[in-house]
Amino acid sequence: MRTYYYNGGYQSVYNRGVAASIESQNPVVGGGDASSSAWVMICKLAGGTGYEYMQIGWTEDHAVTGEVPRFFWECSNSYYDWDIVYGSLSGSSGTHSFKITDDATNYYLQIDGSTKTTKAKSTVPWTPNAIEIFGETYYQTDQCPGTTSNHCSFGPVSYKTTSGVWAQASVTEDIDLSTMANDLQNGERSWTIWDTRY
């Protein structure tokens, strides 16, 4: 059975980082390894295997965090080479700034201006050619962030060009389930998402 379902947007663009504000909430997830999350990512989309990425955001992961949302950041070079870290999240609501940026030697994954982890470029054997900004569930039964009366807000999204200049994003919608909804129009950089069942 397939797992991982997405609601949000992506842009195919060579980049050196991504930034967006994302509202944190407290979605309903099942037991076991069920989860719901929202995050920003740089990745190798075209020509990649799906395992070359860096992301930072928040998650409610039953197996790790229980029924409590937490910050997380994750870096992956392959199916066999990845790491994930969870951090405390003050409260279950509010909006936070998530950012991946770089300099000549490192990537920096940041929350609200504070660097949470540093990844040496020498340890990253891939070049980012896309940004992704999504709400995600592990199972179809998990609640996508947001409700019909309280959408989960994303944006505005920007990305760091290969010349080091921050530019406005122009994303394309990607949505996996009929129970997921958003008000994203292709080309936008701010939108909201929600679960139609809640």
Side-chain angles (χ1 to χ4, degrees), residues 4-13 15 17-29 34-43 53-61 65 67-74 86-101 109-116 130-160 166-198:
Y4 300 113
Y5 300 91
Y6 304 100
N7 183 2
Y10 70 94
Q11 183 173 350
S12 296
V13 59
N15 68 88
V18 63
S21 293
I22 301 177
E23 182 182 358
S24 59
Q25 295 186 344
N26 192 9
V28 177
V29 298
S35 69
S36 180
S37 60
W39 40 261
V40 301
M41 173 189 286
I42 62 173
C43 58
Y53 62 85
M54 290 180 210
Q55 65 183 143
I56 188 164
W58 64 264
T59 185
E60 186 163 319
D61 185 307
T65 72
E67 300 304 309
V68 180
R70 291 283 186 262
F71 290 135
F72 81 100
W73 43 98
E74 184 174 5
Y86 297 90
S88 63
L89 174 63
S90 178
S92 61
S93 62
T95 298
H96 299 276
S97 174
F98 299 100
K99 186 176 189 178
I100 302 173
T101 188
L109 283 72
Q110 302 174 338
I111 301 173
D112 296 330
S114 173
T115 297
K116 298 302 180 180
I131 58 171
E132 295 186 355
I133 311 90
F134 283 112
E136 175 188 350
T137 65
Y138 188 68
Y139 294 119
Q140 295 185 40
T141 50
D142 298 328
Q143 180 190 348
C144 170
T147 67
T148 53
S149 62
N150 183 23
H151 297 184
C152 183
S153 63
F154 285 69
V157 180
S158 58
Y159 69 94
K160 193 174 187 180
W166 285 93
Q168 294 185 3
S170 175
V171 308
T172 299
E173 179 196 32
D174 188 357
I175 189 167
D176 285 339
L177 298 174
S178 61
T179 54
M180 293 175 168
N182 65 55
D183 56 13
L184 170 59
Q185 301 294 314
N186 289 344
E188 290 185 331
R189 60 193 297 252
S190 297
W191 63 92
T192 66
I193 69 171
W194 64 97
D195 192 313
T196 62
R197 300 168 295 184
Y198 291 87

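It should be emphasised that the depicted structure is a prediction, and the values quoted were computed from it without experimental measurement.
Here S37 contributes atom OG and R70 contributes atom CZ; the two are 15.0 Å apart, rounded to the nearest 0.5 Å. Note that CD of Q25 is 4.5 Å distant from SG of C152, once rounded to the nearest 0.5 Å. For the atom pair SG (C43) and CE (M54), the distance works out to 11.0 Å, reported to the nearest 0.5 Å. With rounding to the nearest 0.5 angstrom, the CD1 atom of I100 is 7.0 Å from the CD1 atom of I56. To the nearest 0.5 Å, atoms CD1 (I133) and CH2 (W39) are separated by 8.5 Å.
Smallest separation of non-hydrogen atoms from T59 and S35: OG1-CB, 4.3 Å. The minimum heavy-atom distance between Y10 and E173, with the atom names listed, is CE2-O, 4.3 Å. Heavy-atom minimum distance, V40 versus A20: CG1-CB, 3.7 Å. P145 approaches S36 most closely through the heavy-atom pair CD-OG, 3.3 Å.
Listed for the N182 side chain is no donor-acceptor partner under 3.5 Å among the backbone atoms of I193. Between the N7 side chain and the C144 main chain, no donor and acceptor come within less than 3.5 Å of each other. Checked by atom type and distance alone, the side chain of Q143 pairs as donor or acceptor with a backbone atom of G146 at under 3.5 Å. A side-chain donor-acceptor contact under 3.5 Å links T196 to the backbone of T179. Between the side chain of D195 and the backbone N or O of M180, no donor-acceptor pair lies under 3.5 Å. Between the T137 side chain and the Q140 main chain, no donor and acceptor come within less than 3.5 Å of each other. Formation of a donor-acceptor pair under 3.5 Å by the Q11 side chain with backbone atoms of A169 is not found in this model. A donor-acceptor pair under 3.5 Å links the side-chain atoms of D142 to the main chain of Y139, judged by distance alone. Within the 3.5 Å criterion, the main-chain N or O of K99 finds no donor-acceptor partner in the side chain of Q110. With hydrogens and angles disregarded, no donor-acceptor distance shorter than 3.5 Å links the side chain of T95 to the backbone of I22.
Annotation: side chain of Q168 is not in contact with side chain of S158 (no heavy-atom distance under 4.5 Å). The shortest side-chain heavy-atom distance between S21 and H96 does not fall under the 4.5 Å cut-off. Counting only heavy atoms from C-beta outward, the side chains of Y198 and N150 never approach each other to under 4.5 Å. Between Y5 and E136 the shortest side-chain heavy-atom distance does not fall below 4.5 Å. Using a 4.5 Å heavy-atom cutoff, the side chains of Y138 and Y4 are in contact. Using a 4.5 Å heavy-atom threshold, the side chains of P69 and S24 count as separate. Looking only at side-chain heavy atoms (C-beta outward), T172 and D174 stay at 4.5 Å or farther from each other. Two residues are said to be in side-chain contact when any heavy atoms from C-beta on lie closer than 4.5 Å; K116 and F72 fail this criterion.
The aromatic rings of Y6 and F134 sit tilted relative to each other, their planes meeting at an angle between 30° and 60°.
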Working for ring-ring contact (aromatic ring centres under 6.0 Å, His included), residues F154 and W191: CA-CA 5 Å; F154 285 69; W191 63 92; 5.7 Å; yes

Full working for side-chain contact (heavy atoms from CB on, under 4.5 Å) between I111 and F71: CA-CA 9 Å; I111 301 173; F71 290 135; 3.6 Å; yes

Verdict with reasoning, T101 to W166, per side-chain contact (heavy atoms from CB on, under 4.5 Å): CA-CA 10 Å; T101 188; W166 285 93; 3.7 Å; yes

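A side-chain donor-acceptor contact under 3.5 Å links E74 and Y53. Side chain to side chain, Q55 and W73 fail the donor-acceptor criterion of an N or O pair below 3.5 Å. Side-chain contact of T192 with D183: a donor-acceptor pair under 3.5 Å is present, judged by distance alone.
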